[in-house]
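The structure appears below as structure tokens.
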Amino acid sequence: MYDEKCLTCIGGNIRFLRAACQISQQEMAERIGVSQTHLSNLEHNHVQISLKLLLRIANVLECPLEIFLDTNAALDWGKEQ
């Protein structure tokens, strides 16, 4: 199951998966409706992410939500891209 520790990997997993899909930070920010600065803050875990925004990111990356909570799953998924 999940515990609060998995929340600390969400930002890094977003950054890794975005890069694996070859989407720039600016492009991703535009596609999900936030500033590039806010996306950077999300990727570096400086701010908390809402479920609504996480859904938008998952849709852009075409990946399941669970992938953001598990670094190993994110690595595996990223290799397939």
Side-chain angles (χ1 to χ4, degrees):
M1 288 307 306
Y2 301 106
D3 62 22
E4 291 181 26
K5 291 178 188 175
C6 70
L7 298 176
T8 61
C9 68
I10 292 174
N13 287 342
I14 291 170
R15 182 174 57 248
F16 172 78
L17 295 169
R18 176 184 56 73
C21 291
Q22 299 179 350
I23 300 173
S24 71
Q25 204 174 56
Q26 182 63 42
E27 181 184 350
M28 175 64 84
E30 289 171 4
R31 291 175 71 179
I32 63 173
V34 299
S35 69
Q36 181 271 324
T37 301
H38 186 63
L39 179 57
S40 177
N41 285 331
L42 290 169
E43 290 183 351
H44 290 93
N45 294 314
H46 296 305
V47 295
Q48 291 185 352
I49 189 166
S50 69
L51 182 55
K52 184 177 181 178
L53 194 51
L54 198 58
L55 286 169
R56 288 184 199 159
I57 293 169
N59 287 331
V60 169
L61 298 176
E62 298 179 358
C63 67
L65 281 175
E66 306 86 52
I67 214 92
F68 299 113
L69 302 175
D70 183 343
T71 300
N72 291 326
L75 290 172
D76 292 341
W77 189 88
K79 289 177 186 175
E80 296 174 8
Q81 299 311 303

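- The CG atom of L17 sits 8.5 Å away from the CE atom of M28 when rounded to the nearest 0.5 Å.
- Taking CG of L69 as the start and CG of N13 as the end, the distance is 8.0 Å to the nearest 0.5 Å.
- To the nearest 0.5 angstrom, S50 atom OG is 7.0 Å from R56 atom CZ.
- When every heavy atom of I49 is checked against every heavy atom of I14, the shortest pair comes out as CD1-CD1, 3.7 Å.
- Across every non-hydrogen atom of V34 and L53, the tightest pair is CG1-CD1, 3.9 Å.
- Residues forming a side-chain contact (heavy atoms from CB on, under 4.5 Å) with Q25 (at least two apart in sequence, or on another chain): R18, Q36, L39, S40, E43.
- Distance check: F16 CZ to L61 CG gives 11.5 Å after rounding to the nearest 0.5 Å.
- Proximity of a side-chain donor or acceptor of N41 to a complementary backbone N or O of H46 within less than 3.5 Å is not detected.
- With rounding to the nearest 0.5 Å, the separation of CG in N59 from CG in L55 is 6.5 Å.
- Put simply, the side chain of V60 reaches to within 4.5 Å of the side chain of I32, judged on heavy atoms.
- Atom SG of C9 is separated from atom CG of D70 by 7.0 Å, given to the nearest 0.5 angstrom.
- Residue Q48 qualifies as open at atom CD: its count of foreign heavy atoms under 6.0 Å is 12 or below.
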